[in-house]
**Student:** 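Here it is: the structure, laid out below.
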Amino acid sequence: MRTRFAPSPTGPLHFGSVRTALFGWLAARHSGGSFVLRIEDTDQERYIPGSEALIVETLNWLGLEWDEGPEKDGPHDPYVQSLRIELYQEWADQLVQRGAAYWCTCAPARLAAMREEQRRHSQPTRYDRRCLGRQDEVAAERAQGQPAVLRLRMPDGTTEWDDVIRGRVVFDNKDIDDQVLLKSDGFPTYHLAVVVDDHVMDITHVIRSDEWIPSTPKHLAVYQALEWVPPYFAHVPAVLGPDGLKLSKRRGARNVLDYGELGYVPAAIVNAMALLGWSSGTEAEVFTLQELVERFTLDRIHAAPAVFDPRRLDDLNGVHIRRMDTEDLVHALEFHLPGTSLETRRRLVPMLRERMVTLADAKHLAAPLLDGVAPDQADFPPKGVEPAVARAMLDACIDAVAAGMLEHEDDLLERLRETAKQHAAKVGAAFRVLYVAVLGEPSGVPVIQAMAFLGSDRALERLRAARARLG
RNA sequence: GCCCGCAUCGUCUAGCGGUUAGGACAUCACCCUUUCAAGGUGGUAACCGGGGUUCGACUCCCCGUGCGGGUACCA
């Protein structure tokens with residue numbers, strides 16, 4: 001199996017487009033086949049410089065390596081369509097010779113008026129083939145330098161194919177327009193370029209978003225005219241935003257790379273994407289990339305569009321963070337805890353790990369431990385705790401820490417529990433005093449571990465400052 | 001307007017004629033607990049509507065409805 005991801009360089013990749021790439025990548029890897037990355041930049045107008053670099057970075061970040069494509073070389077180099085123009089023109093000639101395509105010099109204004117008229121009469125809007133019947137004149141016009149486009153001559157009859165995800169799909173060819181294949185500037189349209197490249201590059205399975213279903217008959221017509229064996233088509237459903245509309249840059253769909261800065265890990269993103277429209281058929285839903293490769297098959301993709309729920313990503317992100325290898329986590333945290341040493345992060349990880357939804361959470365979680373100054377807290381002692389209990393807890397803690405009990409966390413914990421009980425206070429509530437004293441907040445990483453991290457001196461400093469506030 | 005696709009809890013989904021309609025997220029309750037989390041247990045919550053087909057429909061067919069997409073010298 002050979003699959004490809006063929007984005008156009010019109011900006012960063014969003015969740016929906018990357019999911020399509022993921023499906024293609026997984027299908028290829030699962031079958032032991034190869035995955036091709038191809039840049040479809042046949043529209044110079046929409047080209048946004050830097051997009052290709054973004055695409056490459058995104059795929060690399062998620063671990064979706066391609067076997068052939070930009071920065072990779074391969075037997076079908078180059079993998080950028082704007083560099084393959086002559087190839088498309090050659091096949092366009094073939095289509096003309098075979099009577100499957102014809103030149104058209106109709107002006108845009110005429111086409112617009114024609115469609116307007118058709119719409120008014122409840123007719124489907126298609127090219128009326130005016131130029132098809134006057135090819136000699138058109139040839140003369142072209143010779144004089146008049147701009148022209150090459151159109152596919154859509155054959156009569158019906159076009160059908162067995163979509164891997166949807167089953168049989170049938171179109172009546174009379175509803176399908178004579179698609180422009182070559183623009184007046186000599187560039188191919190998507191419709192010509194994909195077909196030529198997918199065939200030349202031996203793509204066996206075209207996995208693309210379902211917005212392409214209506215144009216698949218056009219592509220099939222080209223395959224047929226050129227006597228090429230068409231690939232399998234798998235049209236994956238769209239990913240919708242919370243508004244129920246298809247994700248798009250226009251509507252603020254987020255650049256997938258942004259998720260990295262927000263603290264999402266690749267494993268979680270890939271897992272969440274896979275679950276949007278695909279299911280394993282078992283009740284397991286947490287998978288690593290490798291586990292997805294083992295289980296993924298195209299036929300288990302659900303045909304209905306899916307609404308992306310960021311809460312699911314959050315959950316999966318926490319799960320994958322908790323499962324991450326410690327050293328990997330220590331390294332991943334570097335970005336979110338700038339200025340910290342490897343060693344510091346190693347000591348922090350046990351306290352942070354189970355409390356992070358995103359890696360970015362490490363910042364506020366670790367702040368009380370990394371700041372040099374003891375945090376302030378207006379509401380002290382915390383409500384629900386008698387001042388007498390607060391004093392007793394702090395005194396006991398100060399004595400114990402001063403006596404070196406931070407070396408024995410379990411004993412210290414036991415000592416503090418007893419102190420709370422002796423004062424008829426709920427252990428949880430009594431401890432809150434300590435949290436506020438040490439972390440500046442009634443919640444956070446485990447307070448005894450936090451004190452151990454800070455060291456006796458700094459811990460005592462904060463405890464005494466809090467004690468002093470109580471008088 | 002014309003064409004196409006889709007339709008199970010709020011969300012992602014399992015289901016492929018006979019099930020107490022299952023799981024996950026979210027949500028609620030409880031347990032555990034040094035706080036917060038994590039974890040555990042349990043609860044609330046779904047087959048878009050109408051016709052068929054069938055002994056029997058979530059499941060198959062048709063029609064509606066809703067949603068999505070296409071309808072470009074954009075992809």
Side-chain angles (χ1 to χ4, degrees), chain A residues 6-10 40-43 45-46 104 106 108 111-112 115 118-126 147-151 163 166 169-172 174-177 179-185 187-191 193-194 208-217 235 237-238 240 242 244-246 272 275-286 300 302-316 318-319 322 352-357 361 365 382 412-413 416-417 420 427-436 439 441-450:
Chain A
S8 45
T10 53
E40 309 226 321
D41 58 345
T42 51
D43 183 10
E45 307 243 318
R46 294 206 315 159
C104 168
C106 287
L111 296 175
R115 291 185 188 112
Q118 292 167 335
R119 187 180 295 257
R120 200 169 21 243
H121 292 284
S122 294
Q123 295 296 312
T125 54
R126 320 173 303 151
V149 299
L150 185 70
R151 285 182 183 277
D163 196 276
R166 295 149 205 282
V169 182
V170 182
F171 277 84
D172 192 330
K174 71 171 165 44
D175 295 322
I176 296 160
D177 208 354
Q179 182 63 44
V180 170
L181 298 177
L182 237 35
K183 308 180 208 178
S184 54
D185 63 2
F187 267 63
T189 58
Y190 170 87
H191 306 283
V194 254
R208 70 205 333 183
S209 132
D210 71 0
E211 66 200 11
W212 294 110
I213 290 177
S215 41
T216 301
H235 287 100
L240 277 22
L245 264 32
K246 190 169 159 263
L275 259 24
L276 269 188
W278 175 86
S279 66
S280 71
T282 69
E283 292 194 343
E285 297 190 340
V286 176
R300 288 206 60 84
H302 191 66
V307 174
F308 170 54
D309 183 356
R311 292 175 301 185
R312 190 69 195 281
L313 209 212
D314 280 347
D315 174 67
L316 253 9
V319 170
R322 271 170 250 131
L352 308 180
R353 177 167 233 139
E354 299 209 320
R355 276 161 260 269
M356 293 187 284
V357 168
D361 289 330
L365 246 19
L412 177 55
L413 169 60
L416 294 171
R417 286 174 57 92
V427 177
F431 265 77
R432 246 187 292 278
V433 177
L434 268 23
Y435 277 85
V436 175
L439 302 176
E441 293 176 62
S443 68
V445 300
V447 74
I448 294 176
Q449 283 183 58

**Student:** Which nucleotide sits closest to the side chain of A:Arg115: B:U35, B:A72, B:C25?
**Tutor:**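 The listed nucleotide nearest to A:Arg115's side chain is B:A72.
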**Student:** Without decimals, in angstroms, what is the distance between A:Glu211 CD and B:G69 C1'?
**Tutor:**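 The answer, rounded to whole Å, is 8 Å.
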**Student:** Check this for me: does any side-chain nitrogen of one of A:Arg312 and A:Asp309 sit under 4.0 Å from a carboxylate oxygen of the other?
**Tutor:**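 A salt bridge is absent here (no side-chain N lies under 4.0 Å from a carboxylate O).
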**Student:** Looking at A:Thr42, I'd like to know whether one of its side-chain N or O atoms comes within less than 4.0 Å of OP1 or OP2 on B:C74.
**Tutor:**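 For A:Thr42, the contact criterion (side-chain N or O under 4.0 Å from OP1 or OP2 of B:C74) is not met.
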**Student:** Give the rounded distance in Å between these two atoms: CH2 of A:Trp212 and P of B:G70.
**Tutor:**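 Roughly 9 Å, once rounded to whole Å.
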**Student:** With distance as the sole criterion, do the side chain of A:Ser184 and the base of B:C73 form a donor-acceptor contact below 3.5 Å?
**Tutor:**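 Between B:C73 and A:Ser184, which were checked side chain against base, a qualifying N/O pair under 3.5 Å is present.
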**Student:** Under a 3.5 Å cut-off for both distances, is B:A24 Watson-Crick or wobble paired, and to whom?
**Tutor:**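 Matched B:A24 with B:U11 under the 3.5 Å cut-off.
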**Student:** Applying the Watson-Crick and G-U wobble criteria at under 3.5 Å, what pairs with B:C2? Answer none if nothing qualifies.
**Tutor:**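 Looking at the geometry, B:C2 pairs with B:G70.
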**Student:** Tell me the partner of B:C30, counting only Watson-Crick (N1-N3 plus N6-O4 or O6-N4) or G-U wobble (N1-O2 and O6-N3) with both under 3.5 Å; none if nothing fits.
**Tutor:**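 Base-paired to B:G40.
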**Student:** What string of B, S and - do you get for nucleotides 1-16 of chain B 5' to 3' if you count protein non-hydrogen atoms under 4.0 Å?
**Tutor:** BSSSSSS--BSBSSS-
**Student:** Rounded to whole angstrom units, what separation is found between the CD atom of A:Glu45 and the P atom of B:C73?
**Tutor:**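 After rounding, the gap between these two atoms is 12 Å.
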**Student:** In whole angstrom, what separates A:Ile448's CD1 from B:U33's P?
**Tutor:**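 Distance, rounded to whole Å: 15 Å.
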**Student:** Measure from CZ on A:Arg208 to P on B:G69 and round the result to the nearest Å.
**Tutor:**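 Distance check: A:Arg208 CZ to B:G69 P gives 17 Å.
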**Student:** With C1' as the reference atom in both, quote the distance from B:G1 to B:C9 in angstrom, rounded to an integer.
**Tutor:**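 Straight-line distance between the two C1' atoms is 37 Å.
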**Student:** Using atom C1' of each nucleotide, how far apart are B:U13 and B:U8 to the nearest Å?
**Tutor:**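 About 9 Å, rounded to a whole number of Å.
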**Student:** Quick one: which of B:G68, B:C73, B:A75 gets closest to the side chain of A:Val180?
**Tutor:**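 The nucleotide sitting nearest to the side chain is B:C73.
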**Student:** Which whole number of Å gives the distance between the P atom of B:C55 and that of B:A45?
**Tutor:**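 About 35 Å, rounded to a whole number of Å.
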**Student:** Compare all side-chain heavy atoms of A:Asp41 with those of A:Phe187 and state whether any distance is below 4.5 angstrom.
**Tutor:**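 Sidechains of A:Phe187 and A:Asp41: no contact.
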**Student:** Please work out which of the three classes, parallel, tilted or perpendicular, describes the rings of A:His191 and A:Trp212, given edges at 30° and 60°.
**Tutor:**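 Rings of A:Trp212 and A:His191: perpendicular, as their planes differ by over 60°.
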**Student:** In this structure, how many angstroms lie between the P atom of B:C73 and the CD atom of A:Gln179, rounded?
**Tutor:**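 To the nearest whole Å, that distance equals 7 Å.
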**Student:** So what's B:C48 paired with, Watson-Crick or G-U wobble, going by both distances under 3.5 Å?
**Tutor:**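 Partner of B:C48: B:G64.
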**Student:** If we check side chain to side chain contact (heavy atoms under 4.5 Å, CB included) with A:Pro442, which of these qualifies: A:Leu434, A:Val433, A:Val436?
**Tutor:**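 Of all the options given, the one that passes is A:Val436.
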**Student:** Can you tell me the Watson-Crick or wobble partner of B:C55, both distances under 3.5 angstrom?
**Tutor:**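 Its partner is B:G18 (Watson-Crick or G-U wobble, both distances under 3.5 Å).
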**Student:** Taking all non-hydrogen atoms of both residues into account, name the closest pair between A:Pro214 and A:Asp210 and its distance.
**Tutor:**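 Looking at all heavy atoms of both residues, the closest pair is CD-O, 4.1 Å.
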**Student:** Quick one: label A:Val447 by what it contacts on the DNA or RNA (base, sugar-phosphate, nothing), any heavy atom closer than 4.0 Å.
**Tutor:**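 Contact class for A:Val447: base.
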**Student:** Using the P atoms only, state how far B:U44 lies from B:A29, rounded to an integer number of Å.
**Tutor:**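 Their P atoms lie roughly 15 Å apart.
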**Student:** Using a cut-off of under 3.5 Å, enumerate the N/O to N/O pairs linking the protein to nucleotides 29-31 of chain B.
**Tutor:**
none

**Student:** Compare all side-chain heavy atoms of A:Arg311 with those of A:Asp315 and state whether any distance is below 4.5 angstrom.
**Tutor:**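 A side-chain contact is absent here, since even the closest heavy-atom pair is not under 4.5 Å.
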**Student:** Taking the side chain of A:Glu354 as its heavy atoms from C-beta onward, which of B:A38, B:A75, B:U34 lies nearest to it?
**Tutor:**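 Closest nucleotide among those given: B:A38.
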**Student:** With rounding to whole Å, what would you report as the distance between B:C74 and B:G64 at their C1' atoms?
**Tutor:**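 Their C1' atoms lie roughly 35 Å apart.
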**Student:** Not counting sequence neighbours, which residues clear side chain to side chain donor-acceptor pair (under 3.5 Å) with A:Asp314? List them please.
**Tutor:**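 For A:Asp314 the side chain to side chain donor-acceptor pair (under 3.5 Å) partners, ignoring immediate neighbours, are A:Tyr264.
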**Student:** Whole-Å distance between B:A72 P and A:Lys183 NZ?
**Tutor:**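 Rounded to the whole Å, the gap is 14 Å.
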**Student:** Quote, to the nearest angstrom, the C1' distance that separates B:U59 from B:G15.
**Tutor:**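 The same atom, C1', in both gives a distance of 8 Å.
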**Student:** Give the rounded distance in Å between these two atoms: CG of A:Leu352 and C1' of B:C36.
**Tutor:**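 From A:Leu352 CG to B:C36 C1': 12 Å.
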**Student:** Which residues pass the side chain to side chain donor-acceptor pair (under 3.5 Å) test with A:Lys183, not counting sequence neighbours?
**Tutor:**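 So A:Lys183 forms no side chain to side chain donor-acceptor pair (under 3.5 Å) with any residue.
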**Student:** With sugar-phosphate meaning primed atoms plus P, OP1 and OP2, does A:Gly244 contact a base, only sugar-phosphate, or nothing at under 4.0 Å between heavy atoms?
**Tutor:**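 Contact class for A:Gly244: sugar-phosphate only.
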**Student:** Between A:Tyr190 and A:Phe431, which is nearer to the 5' end of RNA chain B once each is assigned its nearest nucleotide?
**Tutor:**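 Result of the comparison: A:Phe431.
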**Student:** Under 4.0 Å between a side-chain N/O of A:Lys246 and OP1 or OP2 of B:C67, yes or no?
**Tutor:**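 Result: no.
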**Student:** Who passes side chain to side chain donor-acceptor pair (under 3.5 Å) against A:Thr189, sequence neighbours left out?
**Tutor:**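 Here no residue qualifies.
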**Student:** Judged by each residue's nearest nucleotide on RNA chain B, which is more toward the 5′ side, A:Leu313 or A:Asp41?
**Tutor:**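 By nearest-heavy-atom nucleotide position, the 5'-most residue is A:Leu313.
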**Student:** Determine the Euclidean distance between corresponding C1' atoms of B:G50 and B:C16; express it in Å to zero decimal places.
**Tutor:**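 Pairwise C1' distance, B:C16 against B:G50, rounds to 24 Å.
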**Student:** When the P atoms of B:A26 and B:U65 are considered, how many whole Å apart are they?
**Tutor:**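 Rounded to whole Å, the distance is 38 Å.
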**Student:** Do A:Arg300 and A:Ser279 have side chains that get closer than 4.5 Å, going by heavy atoms?
**Tutor:**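 A side-chain contact exists here, since the closest heavy-atom pair is under 4.5 Å.
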**Student:** Grab the N/O contacts between the protein and nucleotides 39-49 of chain B below 3.5 Å, and write none if there aren't any.
**Tutor:**
from: B:G39; atom 1: OP1; to: A:Arg322; atom 2: NH1; distance (Å): 3.4

**Student:** Is the shortest side-chain heavy-atom distance between A:Phe171 and A:Thr216 below 4.5 Å?
**Tutor:**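 With C-beta onward as the side chain, the pair stays apart.
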